[in-house]
J.: 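Sharing a structure below in structure tokens format, with a few things to ask.
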Amino acid sequence: MVRRSRARAALLSPPPGRRYTRSWSRARGAGEMIRDEFANLVARALASAQAAGDLPAFAAPEIDLQHPQRPEHGDYSANLPLRIQSLVRMRAVDVAAAIQRHLPPHEALAEARVAPPGFLNLYLAPGWVASQAEAIARDGDGYATGDRGGGERVQVEYVSANPTGPLHVGNGRGAAIGSTLANVLRARGDEVEEEYYINDAGTQVAIFARTLYARYQQIFGRDAPIPENGYPGEYITGIARRIRDEEGDRYLRPEGQEPDPGLGERGIELMLEEIRRDLEAIGVRYSNWYSERALQAEGGPYHTVLERLRDRGHVVEREGAVWFASSEVGEEKDNVLIRSDGVPTYFATDIAYHFDKLVTRGFDRSIDIWGADHQGHVSRLKTAMRALDASPEALDVVLYQLVTLRRGDRIVPLSKRAGELVTLADVVEEVGPDATRFFFLLPSAGSAMDFDLELAKRRSEENPVYYVQYAHARIRGILDRAREAGLSAAGADAALLVHGAEQTLVRKLLLLPEVLETVARELAPHHLPHYAQELAQAFHVFYTQCRVVDEEQPELSRARLLLLDATRVVLARTLGLMSITAPDRM
RNA sequence: GCCCUCGUAGCUCAGUGGACAGAGCAGCGGACUUCUAAUCCGCGGGUCGCAGGUUCGAAUCCUGCCGAGGGUGCCA
């Protein structure tokens with residue numbers, strides 16, 4: 001996996017009076033990214049080489065540091081010489097050598113090597129690596145947290161499924177992506193709110209209410225047909241039955257009359273209760289539930305925003321409908337705001353909703369997690385924000401592709417066929433919340449995913465979630481064992497961690513801040529489960545190669561217990577950010 | 001028709017301008033008197049959909065084509 005760090009050379013003259021010493025005791029949070037420090041060093045070396053006339057003057061580009069795929073190429077690698085060789089009319093290896101000569105010393109840097117065709121490879125000092133086990137263990141749950149984010153007020157909105165039926169598998173994917181993203185942004189120092197937008201107004205809700213009334217009447221023996229385009233699902237009968245059990249026949253009206261609006265409202269309430277319960281089962285808890293009906297209330301955002309659009313001349317009336325004249329502001333076509341029957345479209349209320357987020361409630365940033373079927377909506381919504389002088393850049397939309405449910409080779413149709421699983425709750429019940437979340441998070445949002453129930457359910461080596469959790473449980477086991485033997489990490493000398501497996505493990509631990517940075521920058525939570533697997537693997541290898549509890553070697557045991565403390569913290573944190581449990585035994 | 005996303009090992013997927021393209025699973029062969037073998041070690045496996053182009057360098061960027069999914073003025 002290649003990750004990069006960017007630093008602008010121009011901004012990076014060393015702070016006056018600050019000396020870089022070889023001492024490993026200089027106070028620094030373990031969460032600070034060593035990659036950034038190295039990028040910093042390269043930027044300073046470049047500037048100093050230019051000042052000394054070893055390199056010509058030119059506008060310094062961004063310094064990208066990468067993790068080479070092959071360990072012999074170092075821990076970090078700069079390709080800057082290759083990128084600027086034609087600009088400076090020099091051979092890349094000579095550029096690399098010039099930078100190398102001017103590289104300031106750094107406690108973590110053992111060596112920098114020039115490698116053809118012009119890479120500058122940086123090698124971490126093993127002693128510094130070992131010392132980081134202690135720094136990470138000391139930081140504990142505070143590792144890789146805090147002030148690294150922008151400190152912005154961010155709102156993440158996800159799922160927001162119509163409260164007219166139970167959540168399906170696709171909603172689960174949105175839930176996993178949205179809540180994990182929120183967790184990561186919060187960990188990095190943003191002030192994050194998670195919100196569910198309740199579509200409790202509009203046509204779908206009206207159809208739901210009519211279907212519910214039909215089912216309700218059927219319970220009382222009436223021959224009431226499901227309305228045209230009504231919801232065929234059995235679950236509505238369940239709701240009708242529950243309302244009958246709790247409130248009797250109070251919603252029953254003489255045959256042929258319109259249903260009592262109170263019945264539909266009660267139905268939506270019950271549906272929302274179920275949705276909330278299903279989401280809580282996979283560790284999702286919202287800070288706010290926002291009602292579309294409230295949005296549309298007299299004097300509410302919908303009316304204010306529509307007026308504002310109108311005032312700015314973006315609204316036209318045509319063919320009995322009210323349109324957003326979006327073709328005049330860069331869109332391919334106009335879009336309907338109010339249909340000819342007087343009912344506002346989803347688009348119109350969504351404009352109001354997002355204006356409310358960005359302007360009225362003043363979030364610095366709004367991140368929406370949508371299924372790919374809403375893709376066409378992104379551009380026109382941003383255009384609407386621009387037309388309202390709300391910053392479209394403050395609105396990010398993460399689109400995730402759809403989910404195919406499978407059992408081994410067999411595709412499970414998402415139709416409502418009896419006996420087949422369709423709801424999120426069914427999946428969670430069958431495979432468990434941890435595996436459900438892990439599998440949803442594994443593929444990047446942009447790729448369509450197969451959710452294999454058989455694999456997710458399997459409690460064996462084939463299932464990556466247990467591989468990761470097992471690493472945590474194993475560490476707990478060793479820690480227990482150490483306590484029985486009277487050993488602890490107190491007074492440990494981290495410098496003893498020189499074994500290859502120990503060094504590899506610490507290097508993985510050092511990656512967490514970079515992974516979180518990538519997740520936050522790309523809004524791509526799938527890096528987290530991949531990292532979790534890499535980390536678990538580094539631990540399992542360590543476990544097989546390095547005995548921890550060894551009463552013959554108490555010093556080494558203490559050092560390794562320190563490493564285990566650090567590893568356990570990082571593993572638990574990584575799992576926690578995905579809202580997956582870190583078990584003490586399995 | 002047009003727009004968006006995707007196409008990488010048998011399967012599920014990472015990698016999206018750098019060095020001989022990676023992981024897990026599946027397959028084959030090894031390792032438990034030792035802190036949990038839900039583990040570890042080794043082996044085999046890829047014209048990165050196809051064809052051009054840009055670049056010192058392309059799975060990655062551009063163009064065209066093929067294939068899958070989604071969208072496309074009064075569904076959400």
Side-chain angles (χ1 to χ4, degrees), chain A residues 1-2 64 66 68-70 72-73 77 79 82-83 85-86 91-92 115-119 121 160-162 164 199 202-204 229 318-324 326-327 331-341 343-350 371-380 399-402 404 406 408-409 439 442-452 455 458-467 469-471 473-482 484-485 526-527 529-530 533-534 536-537 539-541 543-550 557 560 564 585-586:
Chain A
M1 186 177 289
V2 178
D64 280 5
Q66 304 145 28
Q69 292 181 6
R70 306 169 67 82
E72 58 266 36
H73 292 147
S77 167
N79 62 8
L82 286 156
R83 300 216 328 273
Q85 58 179 339
S86 57
R91 286 169 45 210
F119 293 100
N121 294 331
S160 299
N162 278 346
T164 54
N199 293 106
T203 17
Q204 295 308 312
N229 302 324
R318 190 199 316 148
E319 299 159 30
V322 175
W323 300 69
F324 174 39
S326 37
S327 60
E331 283 298 292
E332 266 182 42
K333 51 195 124 188
D334 293 350
N335 294 96
V336 173
L337 295 168
I338 303 173
R339 306 192 309 225
S340 43
D341 62 3
V343 177
T345 60
Y346 165 82
F347 178 49
T349 51
D350 226 20
D373 52 339
H374 289 63
Q375 162 258 123
H377 193 57
V378 178
S379 173
R380 57 175 182 257
L399 296 172
Y400 60 90
Q401 299 294 320
L402 304 181
T404 306
R406 299 182 3 182
D409 293 334
F439 277 82
L442 213 39
S444 63
S447 63
M449 74 170 286
D450 279 7
F451 192 110
D452 186 345
L455 175 60
R458 224 169 288 163
R459 293 179 182 272
S460 73
E461 60 199 24
E462 300 156 62
N463 194 331
V465 66
Y466 299 116
Y467 179 83
Q469 290 185 315
Y470 182 50
R474 257 184 158 177
I475 292 174
R476 282 292 200 202
I478 302 171
L479 294 177
D480 287 348
R481 193 60 186 247
E484 288 162 19
H526 73 273
H527 295 295
H530 287 275
Q533 288 181 93
E534 283 178 35
Q537 185 189 29
F539 164 74
H540 286 308
V541 171
Y543 177 91
T544 9
Q545 295 187 12
C546 301
R547 174 87 196 171
V548 177
V549 179
D550 182 355
S557 288
R560 287 181 169 167
L564 283 195
R585 57 181 55 82
M586 287 171 72

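In this text, all values refer to a predicted model and were calculated from it rather than measured experimentally. First the proteins, then the strands, lettered A, B, ... as listed; each starts at 1.
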J.: Could you tell me whether Ser444(A) contacts a base, only the sugar-phosphate backbone, or nothing, with contacts defined as non-hydrogen atoms closer than 4.0 Å?
T.: sugar-phosphate
J.: Is there a side-chain polar atom (N or O) of Arg474(A) under 4.0 Å from OP1 or OP2 of A37(B)?
T.: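 Answer is yes, contact under 4.0 Å.
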J.: Looking for any heavy atom pair under 4.0 Å, which part of the strands does Asn229(A) touch: base, sugar-phosphate only, or nothing?
T.: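 Here Asn229(A) touches no strand at all.
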J.: Would you indicate which nucleotide in A19(B), A14(B), A76(B) comes nearest to any side-chain atom of Ala115(A)?
T.: A19(B)
J.: Would you say a side-chain N or O of Arg476(A) is under 4.0 Å from OP1 or OP2 of C35(B)?
T.: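 Answer no for this pair, as no side-chain N or O of Arg476(A) is under 4.0 Å from OP1 or OP2.
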J.: Would you call Asp550(A) and Arg560(A) a salt bridge, using N to O less than 4.0 angstrom?
T.: no
J.: Glycosidic conformation of C32(B), syn or anti, with 90° from 0 as the boundary?
T.: syn
J.: Between C35(B), G24(B), G71(B), which nucleotide gets closest to the side-chain atoms of Gln375(A)?
T.: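 The closest nucleotide is G71(B).
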J.: Can you tell me which nucleotide in G24(B), C74(B), A14(B) comes closest to the side chain of Gln533(A)?
T.: G24(B)
J.: Rounded to the Å, how far apart are Asp450(A) CG and C11(B) C1'?
T.: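 It works out to 10 Å between those atoms.
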J.: If you look at every strand shown and take non-hydrogen atoms under 4.0 Å, does His73(A) touch a base, only sugar-phosphate, or nothing?
T.: base
J.: Closest approach to the side chain of Leu402(A), judged atom by atom: which nucleotide of A76(B), G70(B), C13(B) is it?
T.: G70(B)
J.: Under 4.0 Å: is that the gap between some side-chain N or O of Tyr467(A) and OP1 or OP2 of C40(B)?
T.: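 For C40(B), OP1/OP2 do have a side-chain N/O of Tyr467(A) under 4.0 Å.
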J.: Once you round it to whole Å, what is the distance between P of C40(B) and CZ of Phe539(A)?
T.: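 The distance from CZ of Phe539(A) to P of C40(B) comes to 10 Å, rounded to the nearest Å.
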J.: Can you tell me which nucleotide in G18(B), G70(B), C35(B) comes closest to the side chain of Leu82(A)?
T.: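 Looking only at side-chain atoms, Leu82(A) lies closest to G18(B).
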J.: Nearest of A19(B), A38(B), C40(B) to any side-chain atom of Gln69(A)?
T.: A19(B)
J.: Using the C1' atoms only, state how far G73(B) lies from A68(B), rounded to an integer number of Å.
T.: 28 Å
J.: Could you pull out the closest heavy-atom pair between Phe324(A) and Arg380(A), with the gap in Å?
T.: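 Nearest heavy atoms, Phe324(A) then Arg380(A): CE2-O, 4.2 Å.
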J.: Check every strand shown and say whether Ser379(A) touches a base, only sugar-phosphate, or nothing at a heavy-atom separation below 4.0 Å.
T.: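 The residue Ser379(A) makes no contact with any strand.
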J.: Atom CZ of Arg585(A) and atom P of A38(B): how far apart are they, to the nearest Å?
T.: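 Rounding to the nearest Å, CZ of Arg585(A) and P of A38(B) are 16 Å apart.
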J.: Let me know the distance between NE2 of His540(A) and C1' of A38(B), rounded to the nearest Å.
T.: 8 Å
J.: Categorize Gln545(A) for me: base, sugar-phosphate, or nothing, with a 4.0 angstrom heavy-atom threshold over every strand shown.
T.: nothing
J.: Quick check for you: among A76(B), C74(B), A14(B), whose closest atom lies nearest to any side-chain atom of Val336(A)?
T.: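 Side chain of Val336(A) sits closest to C74(B).
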J.: If we take the C1' atom in both C25(B) and A9(B), what is their distance in whole Å?
T.: 12 Å
J.: Taking pairing as Watson-Crick or G-U wobble with both contacts under 3.5 Å, can you name the mate of C56(B), or confirm there isn't one?
T.: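 Pair assignment: C56(B) / G18(B).
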J.: Quote, to the nearest angstrom, the C1' distance that separates G7(B) from A51(B).
T.: 16 Å
J.: So what does Asn162(A) hit on the nucleic acid, given a heavy-atom distance under 4.0 Å: a base, only sugar-phosphate, or nothing?
T.: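 Sugar-phosphate, no base atom in range.
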J.: Which of these nucleotides, C74(B), C35(B), U39(B), is closest to any side-chain atom of Glu319(A)?
T.: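 Nearest nucleotide to the side chain: C74(B).
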J.: Roughly, in whole Å, what's the span from CZ in Arg547(A) to C1' in C32(B)?
T.: 13 Å
J.: OP1 or OP2 of A37(B) sitting under 4.0 Å from any side-chain N/O of Tyr543(A)?
T.: yes
J.: Please report the distance separating the P of G53(B) from the corresponding atom of G70(B), rounded so that it comes out in whole Å.
T.: 35 Å
J.: Please report, rounded to the nearest Å, how far the C1' atom of G57(B) is from the CD atom of Gln85(A).
T.: 9 Å
J.: Counting just side-chain N and O atoms, does Ser447(A) come under 4.0 Å of either OP1 or OP2 of G7(B)?
T.: no
J.: Return yes if the base of A31(B) and the side-chain atoms of Thr544(A) contain a donor-acceptor N/O pair under 3.5 Å, otherwise no.
T.: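 Looking at the base of A31(B), it does not pair with any donor or acceptor on the side chain of Thr544(A) (distance under 3.5 Å).
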J.: Ser326(A) side chain to Lys333(A) main-chain N or O, any donor-acceptor pair under 3.5 Å?
T.: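 Here the side-chain-to-backbone pair exists.
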J.: Going from CG on Asn199(A) to OG1 on Thr349(A), what distance comes out if it is rounded to the nearest 0.5 angstrom?
T.: 7.0 Å
J.: Given the C1' atoms of C48(B) and G67(B), what is the spacing between them in whole Å?
T.: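 One C1' to the other, the span is 16 Å.
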J.: Looking across every strand, which nucleic acid part, if any, lies under 4.0 Å from His526(A) by heavy atom: base, sugar-phosphate, or nothing?
T.: sugar-phosphate
J.: Both distances under 3.5 Å, Watson-Crick or G-U wobble: report the partner of G64(B), or none.
T.: C50(B)
J.: Please report the distance separating the P of U8(B) from the corresponding atom of C13(B), rounded so that it comes out in whole Å.
T.: 9 Å
J.: Considering every strand shown, what is the Watson-Crick or G-U wobble mate of G42(B) when both distances are under 3.5 Å?
T.: C28(B)
J.: Suppose we call a contact any N or O donor and acceptor under 3.5 Å apart; does that hold for the side chain of Ser340(A) and the base of C74(B)?
T.: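 A donor-acceptor contact between them is present.
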J.: Please state how far atom CD1 in Ile475(A) lies from atom C1' in U39(B), giving the value in whole angstrom units.
T.: 13 Å
J.: For C35(B), give the paired nucleotide (Watson-Crick: N1-N3 plus N6-O4 or O6-N4; G-U: N1-O2 and O6-N3; both under 3.5 Å), or none.
T.: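 The answer is none; no pair meets the criterion.
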J.: C1' atom, A19(B) versus C6(B): distance in rounded Å?
T.: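 Comparing C1' positions in A19(B) and C6(B) gives a spacing of 28 Å.
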J.: Expressed as a whole number of angstroms, how long is the span from Asn463(A):CG to G24(B):C1'?
T.: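 Answer to the nearest Å: 11 Å.
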J.: Looking for any heavy atom pair under 4.0 Å, which part of the strands does Val541(A) touch: base, sugar-phosphate only, or nothing?
T.: sugar-phosphate
J.: Under 4.0 Å, counting only non-hydrogen atoms across every strand here, what does Ala372(A) touch: a base, just sugar-phosphate, or nothing?
T.: sugar-phosphate
J.: Contact class for Glu72(A) (heavy atom, under 4.0 Å): base, sugar-phosphate, or nothing?
T.: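 Base contact.
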J.: Is Phe119(A) stacked on the base of A19(B) when the test is centres under 5.5 angstrom and planes under 30 degrees?
T.: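 By the stated criterion, Phe119(A) and A19(B) stack.
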J.: Of the candidate nucleotides U72(B), G18(B), A19(B), which contains the atom at the shortest distance from the side chain of Lys333(A)?
T.: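 The nucleotide sitting nearest to the side chain is U72(B).
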J.: Scan Arg318(A) against the nucleic acid and name what it touches under 4.0 Å (heavy atoms): base, sugar-phosphate only, or nothing.
T.: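 Result for Arg318(A) = nothing.
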J.: So Arg91(A), base contact, sugar-phosphate only, or nothing? Heavy-atom distance under 4.0 Å.
T.: nothing
J.: Now, which nucleotide makes the Watson-Crick or G-U wobble pair with U72(B), with each of the two distances under 3.5 Å?
T.: G1(B)
J.: So for atom CD, which belongs to Gln545(A), do other residues, nucleotides or ligands contribute more than 12 heavy atoms lying within a distance under 6.0 Å?
T.: yes
J.: Can a side chain N or O of His374(A) be found less than 4.0 Å away from OP1 or OP2 on C75(B)?
T.: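 No, no such contact exists.
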J.: Say you pick atom P in C43(B) and the same atom in C35(B); how far apart are they, in whole Å?
T.: 28 Å
J.: With both distances under 3.5 Å as the test, what is the Watson-Crick or G-U wobble partner of U12(B)?
T.: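 Paired with A23(B).
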J.: Just to be sure I understand the rule, does Asp452(A) reach a base, reach only the sugar-phosphate, or reach nothing, if contact means heavy atoms closer than 4.0 Å?
T.: nothing
J.: For RNA chain B, whose closest nucleotide is more 5', that of Ala473(A) or that of Gln537(A)?
T.: Gln537(A)
J.: Could you work out which one of C74(B), C13(B), C35(B) sits closest to the side chain of Arg339(A)?
T.: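 Per side-chain heavy atoms of Arg339(A), the pick is C74(B).
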J.: Pull up the glycosidic torsion of G46(B) and say syn or anti, syn being anything within 90° of 0.
T.: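 Glycosidic conformation of G46(B): anti.
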